[in-house]
Amino acid sequence: MKREKTAAEIFEEKLQFEREMLSRGVRWIAGVDEVGRGPLAGPVVCAAVILPLEEELLIAGIDDSKKVREKERERLAAVIRERALAYQICEESAETIDEINILEATKRCMKRAVEGLPITPDVVFVDGNFRIDIPLLQKNIVKGDSLSYSIGAASILAKVYRDALMCKFDEEYPCYGFAAHKGYGTQAHVQALREFGPCGIHRKSFLKKILENGGNGSPFGI
């Protein structure tokens, strides 16, 4: 019977890419990740972070933000911000997403986050299989938010920031339930769209099928 890995072993695995770079003499490693590529509303948010990698300064519990409970994410985000050597959080609006598409908006957002770091990293770990337009060494890691300590930290920063932003939008546009679903296409969100139509933070390019399928007296007139 296969032995289950301990929490310490799992945590150590998340440092494999960082340790490899450190063994090559690299000093500053930045992780960059996005949150919010899939929602129907709100911005895409990207964070870049450089964390200290000395054993006594490592932050236990860092993982893909989707796997971490909300209260724990918020706690971890506060520790990451406090302990980080440098971090930057950026966003690209729904309007920009509609104008240049979500992938290009994500790349631009990541680029801005990295360029906004007060320390220039020696290497940037990018979550995903696409490259961003920066004059720095970068390493793509698919599912990096689960596999890399630095990218996981960036994902937590971005998620906590975006969730808080969507809660503020919920106060501005209370009929959509943004505080509950954060702009994702839940049944309740789609129903609100069909009842009230899109608001100022909806991604119009994401809504075509929903609007076309409104039916049943939908305010979209289709």
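- Nearest heavy atom pair, residue I156 against residue I62, reads CD1-CA, 4.2 Å.
- Panel note: side chain R73, backbone K159; no donor-acceptor pair is recorded below 3.5 Å.
- No donor-acceptor pair closer than 3.5 Å links the side chain of D122 to the backbone N or O of V26.
- In this structure a side-chain-to-backbone donor-acceptor pair under 3.5 Å is missing from D33 to D127.
- Aromatic ring orientation, Y173 versus Y176: perpendicular (interplanar angle above 60°, classes split at 30° and 60°).
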Could you walk me through whether V126 and N140 pass side chain to side chain contact (heavy atoms under 4.5 Å, CB included), step by step? CA-CA 5 Å; V126 181; N140 291 97; 3.8 Å; yes

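- Here the side chain of R203 pairs a donor or acceptor atom with the backbone of G42 at under 3.5 angstrom.
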Just do the side chain to side chain contact (heavy atoms under 4.5 Å, CB included) check on H181 and M166 with the steps written out, would you? CA-CA 9 Å; H181 53 65; M166 294 308 294; over 6 Å; no

Verify side chain to side chain contact (heavy atoms under 4.5 Å, CB included) between Q138 and F125, making sure each step is shown before the conclusion. CA-CA 6 Å; Q138 58 185 294; F125 289 175; over 6 Å; no

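- Hydrophobic clustering (ILVMFWY, side-chain heavy atoms < 4.5 Å, transitive): I97 and I210 are in one cluster.
- The two atoms that bring P52 and L57 nearest to each other are CB-CD1, 3.7 Å, heavy atoms only.
- Proximity of a side-chain donor or acceptor of K111 to a complementary backbone N or O of D133 within less than 3.5 Å is detected.
- Around NZ of K143, the count of heavy atoms belonging to other residues, nucleotides or ligands within 6.0 Å does not exceed 12.
- The main-chain N or O of A113 is never found under 3.5 Å from a side-chain atom of Q88 such that the two would form a donor-acceptor pair.
- A 6.0 Å sphere centred on CD of E72 holds more than 12 heavy atoms belonging to other residues, nucleotides or ligands.
- In this structure, the separation between CD1 on I100 and OG1 on T106 is 8.5 Å, given to the nearest 0.5 Å.
- No option in F178, Y184, F206 other than F178 meets the ring-ring contact (aromatic ring centres under 6.0 Å, His included) test with H189.
- Remark: side-chain polar atoms of T96 are not paired, donor with acceptor, to backbone N or O of E92 under 3.5 angstrom.
- Not a single donor-acceptor pair under 3.5 Å links the side chain of Y149 to the backbone N or O of Q16.
- Under the 4.5 Å side-chain heavy-atom criterion for Ile, Leu, Val, Met, Phe, Trp and Tyr, I50 and F17 are members of distinct hydrophobic clusters.
- The minimum heavy-atom distance between S146 and D64, with the atom names listed, is OG-CB, 3.4 Å.
- Looking only at distances, no side-chain donor or acceptor of E104 sits under 3.5 Å from a matching main-chain atom of N101.
- I141 and L22 fall within the same hydrophobic cluster, where Ile, Leu, Val, Met, Phe, Trp and Tyr residues are linked whenever their side-chain heavy atoms come under 4.5 Å apart, directly or through other members.
- A donor-acceptor pair under 3.5 Å is formed between the side chain of K182 and the backbone N or O of A179.
- What you find for L157 and I89 is that their closest heavy atoms are O-CD1, 4.1 Å.
- Ring centers of F169 and H202: at least 6.0 Å apart, outside the cut-off.
- A pairwise comparison of heavy atoms in A94 and I201 identifies CB-O, 3.3 Å as the closest pair.
- The shortest heavy-atom contact between P198 and L193 is CA-CD2, 3.8 Å.
- Other residues, nucleotides and ligands contribute more than 12 heavy atoms inside 6.0 Å of the CD atom of E54.
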